[in-house]
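The structure presented is a predicted model; accordingly, all values stated were derived computationally and were not measured. As a basis for the values below, the full set of heavy atoms in this structure was taken, side chains included, without hydrogen atoms, waters or symmetry mates.
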Amino acid sequence: MSATIASLRESLCSETTPLPIRFRALFSLKHLAVQNKGTDESLSAIEAIAAAFSSPSALLKHELAYCLGQTGNDAAIPHLTQVLEDLQEDAMCRHEAAEALGALGNAESLSVLQKYLNREGEDVSVKETCEIAIDRIEWENSEQRRQEKLRQSDFASVDPAPPMPEDDEKQTVETLEKKLLDTSLPLFKRYRAMFALRDLASPPDLPTAVPAVLALAKGLKDKSALFRHEIAFVFGQLSHPASIPALTEALGNLDEVSMVRHEAAEALGSLGDEEGVEETLLKFLHDKEKVVRESVIVALDMAEFEQSGQAEYALIPEVASKAS
C-alpha cells in the first residue's frame, strides 16, 4: 500500500477526524481507485474505503457505498453485498449498496438483489433500489444497450439508470417530464427520463436548462422517497440556481424523510457560492436528525470550497498535514 493511500485510509477511518476531511479523503481514494484501475493501488484504495464501514455514521457509510459503485471495479462487490445483506445496517446504507451493485453492472449480483427485492418486510427504499439495480444490470448486459444511441453526458458518474435514448425525434422537456411523473411506468424508465432531463439542464446556459430543472423539481412531490432523494442528488450534480427554491423547501420540510432532506442539504452545498444558500444551511446545523446535521456540516465545507475556487474537492496528496 502506498504512503498516500495509507494516510488517506487513516483519515477516512478515524472517528476523531472532522467529517469534511473524511469526505475529502474518501473522494481522493475513489479517484485513486478509478485512475489506477487494474492495479494493486486500485485494490488498496477499495480496501481502504471498505474499511470505514465500521463507522457509526450512516451518512459516511452511504457515501462509501456510492463511491465503491463508481470505481467500476468488481473487487468492490463483496463489500457492497455484505452491507446489503446486513439487516442491522441503516436502510439508507443498504439502499446505496444495492444501487452501487447496479452501477457495477455485474450479472452475478442479480441473485442477491432479487433476494432483497422479494424479501418480506423489506424497507421500501431498499426494495425499489433493488428493482432499479436489477433493471440496470439487465440493460447493461443486453443487446438493446448496444443498439441505443445515448446523448453524450457532461457527467462522469455511473448513474442508477442511463438517460433515455435519443430517438429520431429529439427528446423534449415536455415529453420527458411526462415520463418522469408517470407513476404507471417502471421506476427504471422514470429514472431514465430523470437523467435525460439532467442532461438537458447542462451546461446551465442551455435554453432547455431552466425548464428541465423546473420539470425535475416536480419530482420532489413524488410518493416514493427514493425517487425524491434521487431528484435532490441530480440537483447536486447540476448545481443550477433554479433548483434552490425546491431544495430549500425539501430541506426545510421537517416531515420529509431524512434520506431526502440530507440529499437536499448536500445539493445546496454544491450551490454554496449562491446568495443565501449558506444562511439556509446554517439553520439546520442542529437538526434533530443526525444524518441531516452531518450533511449540513459536509455541505458547508463544500460551500466553502465552491467559494474558494479550488480545482478539486479532495485531499491529494497533502492529506496528512491537513488532517493532523
Side-chain angles (χ1 to χ4, degrees), residues 8-9 12-13 15 19 22-34 42-106 108-110 112-113 115-117 119 122-134 136-137 140 156-161 191 225-226 229-230 232-234 236-237 257-260 262-263 265-267 290-291 294-295 298 314:
L8 289 166
R9 178 173 178 153
L12 175 63
C13 294
E15 293 301 324
L19 199 56
R22 296 176 79 181
F23 265 64
R24 290 188 182 218
L26 169 59
F27 297 139
S28 301
L29 285 164
K30 181 189 82 171
H31 174 80
L32 289 171
V34 172
S42 179
L43 289 177
S44 294
I46 285 168
E47 294 296 328
I49 292 170
F53 277 123
S54 59
S55 173
S57 168
L59 179 71
L60 180 68
K61 286 185 287 190
H62 115 290
E63 202 69 38
L64 301 175
Y66 173 76
C67 286
L68 287 174
Q70 296 298 301
T71 62
N73 194 323
D74 285 355
I77 291 175
H79 302 295
L80 292 165
T81 303
Q82 190 175 350
V83 173
L84 175 58
E85 298 238 58
D86 182 358
L87 300 183
Q88 304 307 309
E89 185 53 272
D90 190 287
M92 194 170 87
C93 305
R94 293 180 60 232
H95 122 75
E96 202 66 57
E99 187 178 289
L101 289 170
L104 291 169
N106 190 317
E108 288 179 15
S109 298
L110 287 171
V112 74
L113 290 164
K115 175 180 172 183
Y116 292 99
L117 170 64
R119 179 176 167 264
E122 183 57 85
D123 179 272
V124 68
S125 67
V126 175
K127 279 176 98 78
E128 288 178 345
T129 307
C130 288
E131 177 196 326
I132 295 166
I134 288 165
R136 192 194 183 287
I137 292 173
E140 182 75 38
S157 55
V158 184
D159 301 312
Y191 266 49
L226 181 77
H229 118 289
E230 198 64 34
F233 173 81
V234 163
Q237 287 189 305
V257 296
S258 55
M259 180 189 199
V260 178
H262 105 80
E263 206 68 68
E266 288 193 16
K290 183 186 178 192
V291 72
E294 290 186 341
S295 293
V298 172

(message) With a 4.0 Å cut-off on N to O distance, would you call Glu122 and Arg94 a salt bridge?
(response) yes

(message) If you apply the rule side chain to side chain contact (heavy atoms under 4.5 Å, CB included), what do you find for Val291 with Asp90, and how did you get there?
(response) CA-CA 11 Å; Val291 72; Asp90 190 287; over 6 Å; no

(request) Dump the intermediate steps for side chain to side chain contact (heavy atoms under 4.5 Å, CB included) on Leu101 and Ile77, then the final yes or no. (result) CA-CA 7 Å; Leu101 289 170; Ile77 291 175; 4.0 Å; yes

(request) Identify the two heavy atoms, one from Met92 and one from Ala58, that lie closest to each other, and give their separation to 0.1 Å. (result) CE-O, 3.9 Å

(message) Are the side chains of Asp123 and Tyr116 in contact, using a 4.5 Å heavy-atom criterion?
(response) no

(request) Would you name the heavy atoms of Ala103 and Gly69 that are closest together and state the gap between them? (result) CB-O, 3.6 Å

(message) Salt bridge or not between Glu15 and Arg22? Use side-chain N to carboxylate O under 4.0 Å.
(response) yes

(message) Can a donor-acceptor pair be found, under 3.5 Å and without considering hydrogens, that links the side chain of Asp86 to the backbone of Gln88?
(response) yes

(message) For Ser42 versus Asn73, what's the shortest heavy-atom pair and its separation?
(response) OG-ND2, 3.3 Å

(message) Regarding Glu85 and Lys115, does a basic nitrogen lie under 4.0 Å from an acidic carboxylate oxygen?
(response) yes

(message) Do Leu8 and His31 make a side-chain contact, defined as non-hydrogen atoms from C-beta onward lying under 4.5 Å apart?
(response) no

(request) Give a yes or no answer on whether the side chain of His79 reaches the backbone of Ala76 with a donor-acceptor pair at less than 3.5 Å. (result) no

(message) Under a 3.5 Å distance rule, please check whether Arg119 uses its side chain to pair with a backbone N or O of Lys127 as donor and acceptor.
(response) no

(message) With a 4.5 Å cut-off on side-chain heavy atoms, are Arg136 and Pro160 touching?
(response) no

(message) Less than 4.5 Å apart, side chain to side chain, heavy atoms only: is that true for Glu47 and Arg9?
(response) yes

(message) Under the criterion side chain to side chain contact (heavy atoms under 4.5 Å, CB included), I'd like the reasoning laid out for Glu266 against Leu59: C-alpha separation, chi angles, the key distance, then a yes or no.
(response) CA-CA 11 Å; Glu266 288 193 16; Leu59 179 71; 3.3 Å; yes

(message) Looking at every non-hydrogen atom in both residues, tell me the closest pair between Pro56 and Lys290 and how far apart they are.
(response) O-NZ, 3.9 Å

(request) Could you check if a side-chain atom of Leu12 sits within less than 4.5 angstrom of a side-chain atom of Leu60, using non-hydrogen atoms only? (result) yes

(message) When you compare the side chain of Leu226 with that of Tyr191, does any pair of heavy atoms fall below 4.5 Å?
(response) yes

(request) Using a 4.5 Å cut-off on heavy atoms from C-beta on, say whether the side chain of Leu29 contacts that of Cys67. (result) no

(request) Would you check if the side chain of Glu140 reaches a backbone N or O of Asn106 as a donor-acceptor pair within less than 3.5 Å? (result) no

(request) Identify the heavy atoms of Phe23 and Glu63 that sit nearest to each other, and give their distance. (result) CE2-CG, 3.6 Å

(message) Please give me the minimum heavy-atom distance between Ser295 and Ala265, naming the atom from each residue.
(response) CB-CB, 4.1 Å

(message) For His62 and His262: C-alpha separation, side-chain torsions, deciding distance, then whether side chain to side chain contact (heavy atoms under 4.5 Å, CB included) applies.
(response) CA-CA 11 Å; His62 115 290; His262 105 80; 3.3 Å; yes

(message) Measuring from atom OH of Tyr66 to atom CD of Glu96, what distance do you get when rounded to the nearest 0.5 angstrom?
(response) 8.0 Å

(message) Please report the interatomic distance CD1(Ile49) to SG(Cys13), rounded to the nearest 0.5 Å.
(response) 10.0 Å

(request) Decide yes or no for Ser109 and Ile137: does some side-chain heavy atom of the first lie under 4.5 Å from some side-chain heavy atom of the second? (result) yes

